[in-house]
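A quick write-up on the structure given underneath.
Letters A, B, ... mirror the listed sequences (proteins, then strands); counts begin at 1.
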Number of protein chains: 2
Amino acid sequence: MVRNFPEPEVFKADCPTQQVLETIADKWSVIVIYALSKGTRRYSELQRLIGGVSQKMLTQTLRKLERDGLVERHVYPVVPPKVEYSLTPLGKTLTELLKAICKWAEIHLDEIEAARVHYDERIDR
Amino acid sequence: MVRNFPEPEVFKADCPTQQVLETIADKWSVIVIYALSKGTRRYSELQRLIGGVSQKMLTQTLRKLERDGLVERHVYPVVPPKVEYSLTPLGKTLTELLKAICKWAEIHLDEIEAARVHYDERIDR
DNA sequence: CTGTATCCTGTAGGATACTG
DNA sequence: CAGTATCCTACAGGATACAG
């Protein structure tokens, strides 16, 4: 299923860029990175901070980000356990971009909402 | 389930910013917008251009983007049917940001790949 | 406290067939 | 050509229980 497109583009199914997108174009990933952008956080802090995230998804997201080298995990050998998460330098370079996305969303919120209402009005009949 | 956080943040489950993220933090949306960034495309062009997208997902994504006012749909009343898609002005403002994300992905591809290999080596044993 | 393991359900999304 | 409709399955992701 590996066809040969002339363009070295994002369009190829096996394009590695898409694999990266899988990670960062994900709701929880964006939010977690956003939450860590202000500094180190403990696991439980993140859980409290992010409303509506399940334990499973939080852990899963953190592992994925750690694997991609965006987040660093530091375990203190104490009891009870203490684990801190922070952005790596690589992660920090991404932060600015994601913030820009979030800012875009905030700015154009009304515009989008209006578009949706308009669209739905045309459809519902 | 609407708790009252002090921060007017992305963390609230009902935050409208999250709703916007649902749309644009999506793999196919990013790719479709990317594909339209160079100009108007017909439905079938998009389908050919984007490797690995199913008819269902393409239509679904286009509808979602149209609803949010990011994409415009123009139907020519001819037979056989001809439908063209293009970015709205609003959609174009987003293009630059998404391109930046894609560019980031390209630039840091190696770094991420290396991090993954490193991570997996530590785990597999 | 910071997880992992298991179960269970809804649904995203592919394949296929059909229509204006 | 540009879709909609239907079926079907894999897997995302919540709830719960348990462990180090």
Side-chain angles (χ1 to χ4, degrees), chain A residues 1 3 11 13-14 18-19 21-32 35-36 40-67 71-86 119 122-125, chain B residues 1 3 13-14 18-19 21-32 35-36 40-67 71-86 119-120 122-125:
Chain A
M1 185 59 92
R3 277 164 300 182
F11 303 127
D14 56 344
Q18 276 202 28
Q19 288 179 33
L21 279 182
E22 303 264 6
T23 296
I24 63 182
D26 167 71
K27 182 185 159 188
W28 291 127
S29 295
V30 173
I31 295 177
V32 166
L36 290 176
T40 300
R41 296 279 186 188
R42 295 187 59 170
Y43 183 86
S44 48
E45 284 183 292
L46 289 171
Q47 202 166 19
R48 249 179 300 108
L49 200 58
I50 304 173
V53 73
S54 68
Q55 194 175 39
K56 184 178 177 179
M57 286 317 294
L58 181 54
T59 301
Q60 199 168 296
T61 303
L62 286 168
R63 290 289 176 281
K64 198 172 59 177
L65 293 175
E66 189 196 356
R67 190 172 106 99
V71 159
E72 200 163 11
R73 181 168 176 266
H74 190 74
V75 183
Y76 294 86
V78 298
V79 44
K82 175 179 173 181
V83 181
E84 284 187 344
Y85 293 91
S86 58
Y119 182 91
R122 274 187 306 163
I123 298 301
D124 293 344
R125 105 189 92 93
Chain B
M1 186 60 87
R3 278 162 299 181
D14 56 343
Q18 276 202 27
Q19 289 178 35
L21 280 182
E22 302 265 5
T23 296
I24 63 183
D26 167 72
K27 182 185 160 187
W28 291 127
S29 295
V30 172
I31 296 177
V32 166
L36 289 175
T40 300
R41 297 280 187 186
R42 296 187 59 169
Y43 183 87
S44 49
E45 283 182 293
L46 289 172
Q47 203 165 20
R48 249 179 300 107
L49 200 57
I50 304 174
V53 72
S54 68
Q55 195 174 37
K56 184 179 178 180
M57 286 316 294
L58 181 54
T59 301
Q60 200 168 298
T61 302
L62 286 168
R63 290 288 176 282
K64 197 172 60 178
L65 293 175
E66 188 195 358
R67 191 172 105 98
V71 159
E72 200 162 13
R73 179 167 176 268
H74 190 76
V75 184
Y76 295 86
V78 298
V79 41
K82 175 178 172 180
V83 181
E84 284 187 344
Y85 293 91
S86 58
Y119 183 91
D120 292 346
R122 274 188 306 162
I123 298 300
D124 293 344
R125 106 190 92 93

With sequence neighbours left out, the residues meeting side-chain hydrogen bond (donor to acceptor under 3.5 Å, both in side chains) with B:Arg67 are A:Asp120

Distance check needed: C:dT2 P versus A:Glu66 CD, whole Å only.
15 Å

Rounded interatomic separation in angstrom, taking NE2 from A:His74 and P from C:dT2:
13 Å

Residues passing the side-chain hydrogen bond (donor to acceptor under 3.5 Å, both in side chains) test with B:Glu84, sequence neighbours excluded, are B:Tyr76

Once you build an axis from the first five pairs and another from the last five of the helix from C:dC1-D:dG20 to C:dG20-D:dC1, how far apart in angle are they, to 10 degrees?
50°

Return the value, rounded to whole Å, for the distance between atom CG of A:Leu46 and atom P of C:dG3.
10 Å

How close do A:Leu46 and A:Ala35 get, heavy atom to heavy atom, and via which atoms?
CD2-CB, 4.0 Å

Figure out the NZ/P separation between B:Lys27 and D:dC11, and round it to whole Å.
14 Å

Taking C:dT4, C:dT2, D:dG3 as options, the one with an atom nearest any side-chain atom of A:Val83 is C:dT2

Is there side-chain contact between B:Arg73 and B:Val75, with heavy atoms separated by less than 4.5 Å?
yes

Result for 5'-nearest mapping on DNA chain C, choosing between A:Pro80 and A:Thr59, is A:Pro80

B:Pro81 and B:Arg42: which non-hydrogen atoms are nearest, and at how many Å?
O-NH2, 3.6 Å

Could I get the full list of side-chain contact (heavy atoms from CB on, under 4.5 Å) partners for A:Val79, not counting sequence neighbours?
none

Expressed as a whole number of angstroms, how long is the span from A:Tyr43:OH to C:dG3:P?
6 Å

For D:dA2, take OP1 and OP2 only and decide whether either is under 4.0 Å from a side-chain N or O of B:Arg42.
yes

Find the distance B:Lys64:NZ to C:dA12:P and express it as a whole number of Å.
10 Å

In chain order, what residues pass the side-chain hydrogen bond (donor to acceptor under 3.5 Å, both in side chains) check against A:Arg63, with sequence neighbours excluded?
A:Tyr85

Is the phosphate of D:dG3, meaning OP1 or OP2, less than 4.0 Å from a side-chain N or O of B:Tyr85?
yes

Could you tell me whether the phosphate oxygens of D:dA2, OP1 or OP2, come under 4.0 Å of any side-chain nitrogen or oxygen in B:Arg73?
no

Taken to the nearest whole Å, CG/B:Leu58 to C1'/D:dA2 is 10 Å

Atom pair CG (B:Leu58) and CH2 (B:Trp28), whose distance is rounded to the nearest 0.5 Å
9.0 Å

Here the pair of heavy atoms bringing A:Gln47 nearest to A:Val53 is O-CG1, 4.5 Å

How many Å lie between CD on A:Glu84 and P on C:dG3, as a whole number?
12 Å

Under 3.5 Å between N/O atoms: give me all the protein pairs with nucleotides 12-20 of chain D, atom names plus distance.
| from | atom 1 | to | atom 2 | distance (Å) |
| --- | --- | --- | --- | --- |
| D:dG13 | N7 | A:Lys56 | NZ | 2.7 |
| D:dG14 | OP2 | A:Ser54 | OG | 2.5 |
| D:dG14 | O6 | A:Lys56 | NZ | 2.6 |

